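Notes to accompany the following structure.
In the text below, chain A, chain B and the rest are named by the order of the sequence lines, each starting its count at 1. Computed from a predicted structure; not experimentally measured.
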There are 2 protein chains.
Amino acid sequence: MNASSRTRVAVNGYGVIGKRVADAVVRQEDMELAGVSDISADWRSRIVTQKGYRLYGAASEHAEAMQNAGLAVAGTLEDLLGAADVVVDCTPKRVAAKNVDLYRQKGVKFIVQGGEKHAVTGHSFVAEASYKDALGRDSTRVVSCNTTSIVRTLTALKHAGLLRRARGTLLRRATDPWESHLGGIMNTLVPEPEIPSHQGPDAQSVDPALDVVTMAVKVPETLAHLHYWAVQLTRAADKEEILDAFRSSPRIALIRMADGLTAINTVKELMADLGRPHDNLYEVALWADMLKVEGDELFYAYMVDNQAIVIPETIDAIRALAGHVQDPHESIATTNAALGIGLLTEALGGR
Amino acid sequence: MNASSRTRVAVNGYGVIGKRVADAVVRQEDMELAGVSDISADWRSRIVTQKGYRLYGAASEHAEAMQNAGLAVAGTLEDLLGAADVVVDCTPKRVAAKNVDLYRQKGVKFIVQGGEKHAVTGHSFVAEASYKDALGRDSTRVVSCNTTSIVRTLTALKHAGLLRRARGTLLRRATDPWESHLGGIMNTLVPEPEIPSHQGPDAQSVDPALDVVTMAVKVPETLAHLHYWAVQLTRAADKEEILDAFRSSPRIALIRMADGLTAINTVKELMADLGRPHDNLYEVALWADMLKVEGDELFYAYMVDNQAIVIPETIDAIRALAGHVQDPHESIATTNAALGIGLLTEALGGR
């Protein structure tokens, strides 16, 4: 593929998600990173230029502050949008909604993250469920980490004709590791005040046919979310059938207690040992040996790396909007290869 | 009631449960605390004598060590058993099983805690479900904190004719507060390796008719357990009906997010404000406003004080073995009044 046919991607907001998206974009042969826009003029933006990424100020005052801090600034967000085909908005929750007018005015396709409402783009994205609907669209919304994991796993069961309804309890990490100084780790548990929690309805924004109810609680750790599910199947099934359904998704990794992966910290250590940037776990890590089938009921638990799981989805979303890859499986396989997603399954001793 | 007709209660093991049982026994008009047996000769046993409780060494070497530490020792466990009608074994998990022969040999009725197997006594106890079966027996087993909460809540639904089956996710506190120095608070989540976890089958040891499955995970806090439930009802119901069912149990307290009880630490603070010893929460604290009914499905969450919830059950178990109170409701009401259990509901603004 020659340079001119690559999709030029802008990343607006270089935080937890934005930095991972930028790193993932530069690993794709059919994409190039047009640049990164942010508001910070401290260490966070120095890393951007050190990596060789073009840095832009979100507005002129930010570009000036960056310049005063000695950073090489390529211009403002508006300049960046002029050099991009797709912008991935990774700004904090509810900020993206205000950026959308600018993106539209500049004629740039855009992706927002799960903190925004479905209505902002009118389309919600998980590659294995809604890639085709997104083909050639002007915009989409990559749903949140929790919702992504729910749609991946339930879609796998649905495709196997096994899903009737799913009821989940979600243990949410208290805060992101890098923001731990702002508080969050407490000696308590904080239930979300409403049942159902928003993740169930949010999964239905991707696939309205899913019969799913979630309850959520904030727990005092920073590593990842952990979901527990009780699923009513369409019929009695055996365990191997269920595992095969999950194996059919290239973004569900079957892990085992018996293999020493006894808690979420050990799984993160494995990601570090695999040499993944930021120890990213892109997959849903689902305990195969813990999983239990009783007649037509299924019980299981899995881990969700809230910082990483949406990264491959975002890459696929870029490709869907760009429209040059029609087949979801092709995009997913390309993204997975570039991010080394298959290597985890290999490290786990196969599927 | 004159002194001679009171049930003489021995407490063997003055740990997290034993100390609370002893304090609860002395508040009962129909019981007297014969004494406390332990192995420690440090601050823990000094508290025993300071409270005016008779202190015994579990064996002669413990009694000697206590004496050497300047403590007033009344004798050994064997002496204590000679002065008791019922002994409550509060020794660590699996130790009680070895004490049982001694209790039988001395002709003393005995109660073991939930860490022991059902077979040790052949009877498992939760007052609202199995008081009558325990009447006049030689022994029973007060089930664990988690199991107690499960049986209380599901029995309430069952008595209202509403329970079909229940599926729960249990968040277990990492360690008890007083043992925090031994480790336990970690920046991770540790799933129990097996689904179902043992609490579901354990609830069936009290009531074999319960259709219940549990999954459990250890979380990094010390205050209490938190359970999330998805229950299949026998029919569609409205929320008030469900709340009425829970209200029918005098040991379920309906709490409200909207009343400022937004997390488990705030509930513990309320217990302290009520002046309860050790901030004990004897009730299942169930969030009424969070509870949701959707057709014939019910979703709710509640808090379980693992140190306190079995204390009223243990008092009732003593009374059931002694056999002088036939009616479970009478025993429960007596225990509750002595422990101030009604006052919580009052503080919550009524039922």
Side-chain angles (χ1 to χ4, degrees), chain A residues 165-171 173-174 177 180 185-197 213-232 256-258 261-269 287 289-294 297-303, chain B residues 165-171 173-174 177 180 185-197 213-232 256-258 261-269 287 289-294 297-303:
Chain A
R165 66 185 187 190
R167 305 295 180 249
T169 302
L170 284 45
L171 283 66
R173 65 94 187 83
S180 297
I185 295 289
M186 308 153 295
N187 184 23
T188 189
L189 302 170
V190 189
E192 303 242 336
E194 302 249 329
I195 295 175
S197 59
V213 175
T214 52
M215 304 183 273
V217 51
K218 195 158 86 167
V219 298
E221 51 81 26
T222 62
L223 297 181
H225 304 313
L226 184 61
H227 291 195
Y228 277 83
W229 288 90
V231 170
Q232 179 71 51
R256 284 172 192 81
M257 283 270 162
L261 295 169
T262 53
I264 61 176
N265 58 308
T266 58
V267 178
K268 282 296 275 185
E269 182 69 6
W287 277 278
D289 48 359
M290 200 201 301
L291 180 147
K292 182 87 178 173
V293 187
E294 296 197 341
E297 282 190 285
L298 165 64
F299 303 92
Y300 57 92
Y302 60 71
M303 168 179 170
Chain B
R165 65 186 188 190
R167 304 295 180 248
T169 302
L170 283 45
L171 283 66
R173 63 95 187 84
S180 297
I185 294 290
M186 308 154 295
N187 185 23
T188 189
L189 301 170
V190 188
E192 302 241 339
E194 302 250 328
I195 296 175
S197 58
V213 175
T214 52
M215 303 183 273
V217 51
K218 195 159 87 166
V219 299
E221 51 80 27
T222 61
L223 297 182
H225 304 314
L226 185 62
H227 292 196
Y228 277 82
W229 288 90
V231 170
Q232 179 72 52
R256 285 173 192 80
M257 282 271 161
L261 295 169
T262 53
I264 60 176
N265 58 308
T266 58
V267 178
K268 282 296 275 186
E269 182 70 5
W287 276 278
D289 47 1
M290 199 201 300
L291 180 148
K292 183 86 178 174
V293 186
E294 296 198 340
E297 281 191 286
L298 165 64
F299 303 92
Y300 57 91
Y302 60 72
M303 168 179 170

### Query
By a 4.5 Å heavy-atom criterion (distance strictly below it), what part of B/T222 contacts chain A: side chain, backbone, both, or neither?
both
### Message
Could you tell me if the side chain of A/P191 sits less than 4.5 Å from the side chain of B/M257, heavy atoms only?
### Response
yes
### Query
Near B/E194 CD, under 6.0 Å, is it more than 12 heavy atoms from other residues, nucleotides or ligands?
no
### Query
Given a strict heavy-atom distance threshold of 4.5 Å, which part of B/E297 is in contact with chain A: side chain, backbone, both, or neither?
side chain
### Task
For A/H225 and A/R173, indicate whether the former's side chain and the latter's backbone hold a donor-acceptor pair under 3.5 Å.
yes
### Query
What part of B/V217 gets closer than 4.5 Å to chain A, counting heavy atoms only: side chain, backbone, both or neither?
both
### Message
Please classify the contact between B/R165 and chain A as side chain, backbone, both or neither, with a heavy-atom cut-off of under 4.5 Å.
### Response
side chain
### Task
Could you grab the distance from atom OG1 of B/T262 to atom CG of B/N265, nearest 0.5 Å is fine?
7.0 Å
### Task
Count the heavy-atom pairs under 4.5 Å between each of A/L223, A/L189, A/V190, A/L171 and chain B, then report the option with the highest count.
A/L189
### Task
Enter the distance from A/T169:OG1 to A/M215:CE here, rounded to the nearest 0.5 Å.
4.0 Å
#### Entry: Whether B/H227 and B/Y302 hold their rings parallel, tilted or perpendicular, with breakpoints at 30° and 60°
tilted
### Heavy-atom proximity to chain B below 4.5 Å, by part of A/E192
backbone
### Task
Please determine, among A/A224, A/P196, A/G168, A/P193, the option with the most heavy-atom pairs under 4.5 Å with chain B.
A/P193
### Query
Among B/K292, B/E294, B/K268, B/M290, which residue forms the greatest number of heavy-atom pairs with chain A at distances under 4.5 Å?
B/M290
